[in-house]
Amino acid sequence: MFRAALRNADLFWVILFCVVFLPEAACGSADADSCHEVKTAYMMRQIGPVELVPDTPGTDESLRICVHPGPSCCTSKMEDSYMMAVRSETQQKMRSYSFELKYLIAGHTKAYQETFESLVSFTSNLTSTLFDSAYSALASDCRPLVFQLFSDIKRHLSGDANSSLDKTVRRFYNDLFPLVYRRLLNPGFGHMSPQSYSSLPSSHDDCLRMTRQDVSPFGPHPHLLVSSLSRALGVGRALSRLLRLAGEVVNATEKATLSRECGRGLVRMQYCSHCRGMTLIRPCTGLCVNVMRGCLVGVSELGEPWGSLVVLLQRLAATLATSSNHNSMELALLAVRNQVNDAILHAQLHGSFPLKGSKGDKSRSLKKLSREFQGSVQRYQWFFSELPEMLCESEMEVEQHTCWSGQDVVESYAGRVVGSSLKAQRENPEMTVRNTDPVLKGAKQKLEELTQVNITL
Ligand SMILES: *[C@@H]1O[C@H](CO)[C@@H](O)[C@H](O)[C@H]1NC(C)=O
Ligand SMILES: *[C@@H]1O[C@H](CO)[C@@H](O)[C@H](O)[C@H]1NC(C)=O
Ligand SMILES: *[C@@H]1O[C@H](CO)[C@@H](O)[C@H](O)[C@H]1NC(C)=O
């Protein structure tokens with residue numbers, strides 16, 4: 001008999017539990033010889049084909065996870081289906097917890113990208129108007145140069161690892177010099193129409209480009225442009241790179257697979273009670289914490305460097321939200337027009353006249369976006385450190401007086417609850433934890449590298 005086979009202690013708790021706390025539903029005490037409830041739960045949770053569940057408890061010696069000397073409603077085939085189900089349930093739950101974070105990161109990555117792009121596009125147009133208004137002889141030929149300069153700036157802001165402002169600015173002035181030389185410094189040169197310039201032997205332009213390096217006709221202005229842009233774009237660029245990294249880390253945690261060992265722990269915690277006819281009893285908190293920490297050790301290991309990443313993101317957002325006129329990205333971009341003008345004037349007159357830049361309303365949206373992001377990302381500083389416990393809290397909604405220890409109904413969990421680090425997890429009484437998922441290990445390495453590099457920002 002199913003009930004008779006329970007050890008006395010079990011029986012006591014089962015009866016106490018059933019009578020005092022959860023009449024009928026939890027234990028089906030009225031019908032302990034049947035696997036009816038187990039079948040119902042199996043069906044409701046869509047664990048597998050319901051024919052796998054026997055009508056009455058039996059003894060299956062091939063049970064590997066929910067091993068129990070007495071009768072059981074489980075078979076080894078059911079264990080397999082519980083394993084599949086519990087792994088996907090747990091991954092589903094993890095995704096539901098990280099959903100908001102993922103959305104926050106993806107949404108802000110996009111919003112920042114769009115703000116940067118519109119700012120760059122605006123200042124690109126503004127710079128083009130310089131040629132239209134002040135150097136009409138150069139206007140049509142300079143448009144592609146300005147466009148190229150600003151697409152490189154956009155690439156730099158988006159965090160492209162290979163982008164170099166130095167190269168970008170050097171190329172711009174190298175390309176600009178032949179035009180300035182022929183149209184402004186020696187306007188009589190050849191009396192050519194703009195169209196025929198482009199058909200001039202390119203070797204001549206190459207020669208002028210090389211000359212540019214030697215005679216530095218633009219004075220200190222190219223160099224000044226590089227340094228003001230580096231300074232002003234550094235924060236936006238770092239933010240783009242770190243946001244992308246944050247997205248990759250969240251993706252990696254979603255893709256990480258739960259080990260077989262973890263699956264066994266999860267089945268013991270969630271479903272071995274079902275084998276004994278108890279479908280509603282909750283796992284003990286200590287058991288759950290051990291199992292979840294063991295399963296998510298790779299995720300917990302991300303916790304510390306992720307915390308540093310969040311602090312960096314907040315700091316960068318704070319800088320963009322409050323940046324003064326001296327280091328504002330918008331002003332630096334708006335100033336490109338004047339700096340290019342200064343450079344051309346230097347070439348013409350060896351003098352310069354600073355012009356006043358106007359401030360677009362792009363700056364307001366960048367500030368607002370950054371203030372909002374700074375506040376919302378803060379909540380996620382300890383997200384990955386706390387995820388295992390969060391997953392357990394959802395298990396523990398009900399105040400309970402007895403719980404499932406993985407083997408039995410008990411008053412409280414007797415095992416030692418171990419810490420979440422990989423080192424502490426080697427002592428996990430619920431499962432063998434040896435290593436972390438390679439994807440998560442890679443994510444951790446990348447996090448540590450990038451947060452180290454950017455910590456000085
Ligand atoms: C810049 O100019 C292009 C083409 O003239 C135009 O399509 C675009 O909307 C302008 N961008 C801004 C921000 O003014
Ligand atoms: C950067 O440059 C390296 C080598 O020049 C190349 O392999 C890599 O794909 C480039 N990365 C990007 C993002 O363009
Ligand atoms: C994360 O994964 C989604 C698909 O699930 C993809 O669209 C996105 O580009 C990825 N994000 C990063 C930063 O790799």
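Quick caveat: nothing in here was measured; it's all calculated off a predicted structure. Just so it is clear, the values below take in all heavy atoms, side chains as well, and ignore hydrogens, waters and symmetry mates. Both counts, for ligands and for their atoms, begin at 1 and track the order of listing.
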Exercise. Assign the ring pair His108 / Phe373 to parallel, tilted or perpendicular, where the plane angle (0 to 90°) is split at 30° and 60°.
Key: tilted

Quiz item: Is atom 9 (O) of ligand 3 in close reach of the protein, with a heavy atom under 4.0 Å away?
Solution: no

Exercise. Do me a favour and list the nearest non-hydrogen protein atom to atom 6 (C) of ligand 3 with residue, atom name and distance?
Key: Asn251 ND2, 4.1 Å

Practice problem: Tell me which part of Lys255 gets within contact of ligand 3: side chain, backbone, both or neither, using heavy atoms under 4.0 Å. | Solution: neither

Quiz item: Any side-chain heavy-atom pair from Ile105 and Lys102 closer than 4.5 angstrom?
Solution: no

Practice problem: Kindly check if Cys275 and Cys66 bring their SG atoms closer than 2.5 angstrom. | Solution: no

Exercise. With heavy atoms of Lys102 as the reference, note each atom of ligand 3 found under 4.0 Å away.
Key: 5 (O)

Practice problem: On the 0 to 90° scale, with breaks at 30° and 60°, tag the Tyr82-Tyr42 ring pair as parallel, tilted or perpendicular. | Solution: perpendicular

Exercise. Flag yes if more than 12 heavy atoms outside Gln381 fall under 6.0 Å of its CD atom; otherwise flag no.
Key: yes

Self-check item: Protein contact for atom 1 (C) of ligand 3 (heavy atom, distance under 4.0 Å)
Solution: yes

Quiz item: Is Cys272 close enough to Cys74 that their SG atoms are under 2.5 Å apart?
Solution: no

Quiz item: Which of the atoms of ligand 3 are close to Arg244, meaning less than 4.0 Å from one of its heavy atoms?
Solution: 13 (C)

Self-check item: Proximal ligand 3 atoms for Glu248, defined as those under 4.0 Å from one of its heavy atoms
Solution: 13 (C), 14 (O)

Self-check item: Element-labelled atoms of ligand 3 that are located less than 4.0 Å from some non-hydrogen atom of Gly247
Solution: 13 (C)

